[in-house]
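Structure first, then comments.
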Amino acid sequence: MVKSRRICLALGAALLVLAANGASALAAPVTVNLRVEGSSKTLFEGPIATEAPAAPGITTESSEGPHLCDFSHNGTHEGFAAVGPTPTSALHDAATASGLAFNAKWSKSLNDFFITRVAADIEGGAPEFPSWGYAVNYTTAEVGGCQFLLASGSEVLWAYNFFNLPHLLKLIGPASASVGAPFTVHVADGQTGAPISGAAIGETVSGVTSPLSSSSSTDTSGNATVTLSHAGTLLLKASATKSVRSNGLSVCVHNGNDGTCGTTAATPTVSQSPAPPSHPFEGDLAKVLGLTEGHVYGRRSAPRVLAGTVEIRSGGTLRQVRISLERRYRGRCYAFSGSRARFVRLHRCATTSFFSVGATQSFSYLLPAPLPRGLYVFQMRALEDSGALTKVVEGVSRVAFRVR
């Protein structure tokens with residue numbers, strides 16, 4: 001009887017291990033919104049498709065070998081919990097794909113990584129000993145970055161000097177505004193909801209935030225009055241002492257009722273001359289970055305980041321940027337799904353499936369894994385507020401390449 005019981009227990013443990021391994025193999029990538037705030041600029045902000053690191057795991061300069069960072073094998077789970085992406089694995093994916101320096105130490109006692117460097121920001125130094133820390137949905141976690149299982153749509157924040165900055169700023173405001181017309185934005189502590197006074201509102205370009213004016217700062221209620229001087233899509237952020245700078249607020253700025261940003265253009269009266277037509281979107285306004293037409297990549301150098309820019313000309317306002325990535329391999333066709341964060345089989349190879357990556361003039365989208373072998377076509381189109389779409393131009397907004 002004792003021997004039979006031991007056999008049953010052994011079989012049960014083996015089945016649990018197999019189930020855990022099966023979960024690892026079947027765990028699907030998820031799309032999260034990742035923001036990485038360095039000491040002087042925003043290093044990364046946007047959606048990424050990420051998944052649990054494949055075995056043997058993550059290796060860094062200071063890790064003394066590879067280690068898994070998939071929630072299941074970290075902390076006290078002993079491999080029996082669900083497998084999936086974590087805040088640390090998402091940060092590692094983004095840093096690797098974006099070419100940011102990354103280093104982390106492995107703690108045997110905690111079975112987790114300590115982030116020691118992202119880009120130029122390295123832990124340590126007097127008097128505060130700044131280090132990297134994270135929050136998910138503006139909530140500071142009580143566990144390490146490999147011990148938190150991310151769900152699709154999570155807001156993941158990594159920040160330098162995190163533990164010495166008690167406030168995680170959250171910026172709220174309108175999605176559109178008129179040139180020269182003041183509007184109100186609100187800054188709060190994302191963890192508590194308490195208003196933050198004295199926060200400066202600035203425009204962010206290439207990760208660097210510059211204050212709009214000395215008067216664009218919040219009052220005791222956390223409100224600030226902002227006036228923008230030119231049309232287009234602007235990215236605003238809030239910053240304050242002892243605080244992690246805020247999320248980016250994308251504001252579509254129109255020139256009165258010019259027909260952009262959801263406004264309706266005024267109909268000219270008989271006594272008025274018709275307004276000159278606005279510049280339509282043209283093919284060269286949407287441009288793919290980082291990929292070369294006809295280039296052949298090896299598996300190790302296959303792209304992980306899909307990126308591009310959109311130029312907004314006078315009279316036009318960007319509403320949305322859409323991208324598609326198609327793969328052909330051995331006579332079969334696939335399209336990357338933004339909602340599923342993976343490639344799906346197409347019944348017809350002529351089908352093109354676009355998905356939105358936001359409404360900013362520059363974007364980057366991190367794929368969950370390096371691309372497998374195949375012939376790829378990456379396209380991007382920008383949607384103007386009037387409903388016009390950019391044209392697809394070979395080698396500019398449509399790039400074909402191969403991975404071998």
Side-chain angles (χ1 to χ4, degrees), residues 28-36 42-54 58-60 85 89-102 118-119 206-207 284 286-310 321-330 332-346 349 352-358 360-382 390 392-404:
V30 299
T31 298
V32 300
N33 296 307
L34 175 67
R35 180 158 56 97
V36 185
T42 301
L43 301 174
F44 186 96
E45 184 169 9
I48 68 167
T50 184
E51 61 184 347
I58 295 174
T59 303
T60 73
S89 67
L91 174 63
H92 175 261
D93 284 350
T96 302
S98 302
L100 301 174
F102 180 86
V118 183
S206 299
D284 60 353
K287 183 178 181 181
V288 171
L289 299 179
L291 295 173
T292 303
E293 174 72 19
H295 190 75
V296 179
Y297 297 89
R299 283 297 310 279
R300 292 186 177 181
S301 61
R304 287 283 305 277
V305 175
L306 305 177
T309 61
V310 179
V321 178
R322 301 171 180 174
I323 65 173
S324 75
L325 181 65
E326 300 164 15
R327 176 189 180 227
R328 292 195 180 194
Y329 186 65
R330 293 182 175 177
R332 295 181 177 181
C333 298
Y334 308 83
F336 189 83
S337 168
S339 59
R340 300 182 184 180
R342 62 180 178 85
F343 281 96
V344 296
R345 176 81 180 275
L346 296 176
C349 289
T352 302
S353 178
F354 283 87
F355 62 94
S356 173
V357 289
T360 56
Q361 291 179 243
S362 63
F363 77 91
S364 61
Y365 184 88
L366 179 64
L367 295 166
L371 296 175
R373 293 183 179 88
L375 175 64
Y376 291 87
V377 175
F378 175 52
Q379 300 184 69
M380 61 172 290
R381 303 193 75 177
T390 54
V392 175
V393 180
E394 298 290 337
V396 180
S397 56
R398 182 185 186 277
V399 175
F401 60 94
R402 186 181 296 275
V403 177
R404 65 182 181 186

Item checked: R345 atom CZ, over 12 foreign heavy atoms within 6.0 Å -> yes

Item checked: F336 to A341 - nearest heavy-atom pair and separation -> CZ-C, 3.5 Å

Could you give the side-chain donor-acceptor pairs of residues 363-379 under 3.5 Å, partners two or more places apart or in another chain?
from : atom 1 : to   : atom 2 : distance (Å)
Y376 : OH     : R327 : NE     : 3.4
Y376 : OH     : P372 : O      : 2.7

Next item on the list: Give a yes or no on this: more than 12 heavy atoms of other residues, nucleotides or ligands lie within 6.0 Å of atom CZ of R299.
Entry: yes

Item checked: Polar side-chain atom of S89 near backbone of P85 as donor-acceptor pair, under 3.5 Å -> no

Next item on the list: Look only at the side chain of T42 and the backbone of F44, and say whether a donor-acceptor pair between them is shorter than 3.5 Å.
Entry: no

Check: Looking at P47 and T31, what are the two nearest heavy atoms and their distance?
Finding: CB-CG2, 4.1 Å

Next item on the list: Look up atom OH in Y334 and atom SG in C349, then write down how far apart they are to the nearest 0.5 Å.
Entry: 9.5 Å

Margin query: Could you tell me if the side chain of F354 sits less than 4.5 Å from the side chain of V321, heavy atoms only?
Written below: no

Next item on the list: With side chain to side chain contact (heavy atoms under 4.5 Å, CB included) as the test, would you mind laying out the steps for V396 and E394 before giving the verdict?
Entry: CA-CA 5 Å; V396 180; E394 298 290 337; over 6 Å; no

Next item on the list: Quick one: pull up CZ in F355 and CZ in R322 and give me the separation to the nearest 0.5 Å.
Entry: 12.5 Å

Check: Hey, does the side chain of E293 reach the backbone of A400 with a donor-acceptor pair shorter than 3.5 angstrom?
Finding: yes

Checklist line | Shortest non-hydrogen contact between R304 and A97, atoms and distance | finding: CB-CB, 3.6 Å

Next item on the list: Indicate the atoms forming the closest heavy-atom contact of M380 with G308, along with that distance.
Entry: SD-CA, 3.9 Å

Check: Side chains of R381 and V392: closer than 4.5 Å at any heavy-atom pair?
Finding: yes

Item checked: Donor-acceptor under 3.5 Å (S98 side chain, A95 main chain) -> no

Item checked: Smallest separation among heavy atoms of A90 and L34, with atom names -> O-CD2, 3.8 Å

Next item on the list: To the nearest 0.5 Å, tell me how far L91 CG sits from L43 CG.
Entry: 9.5 Å

Check: Side chain of S337, backbone of R340: donor and acceptor closer than 3.5 Å?
Finding: yes

Notebook entry, point to check: Sequence neighbours excluded, which residues qualify as side chain to side chain donor-acceptor pair (under 3.5 Å) partners of T59?
Noted result: none

Checklist line | Donor-acceptor contact below 3.5 Å, side chain T390 vs main chain A382 | finding: yes

Notebook entry, point to check: For the atom pair CZ (F401) and OG1 (T292), what is the distance rounded to the nearest 0.5 Å?
Noted result: 10.0 Å

Note to self: Among residues at least two apart in sequence or on other chains, which ones pass side chain to side chain donor-acceptor pair (under 3.5 Å) with T352?
What the structure shows: E326

Check: Where is the tightest heavy-atom contact between S353 and S324, given as atom of each residue plus distance?
Finding: O-CB, 3.1 Å

Checklist line | side chain to side chain contact (heavy atoms under 4.5 Å, CB included) evaluation trace for R404 with Y297 | finding: CA-CA 6 Å; R404 65 182 181 186; Y297 297 89; over 6 Å; no

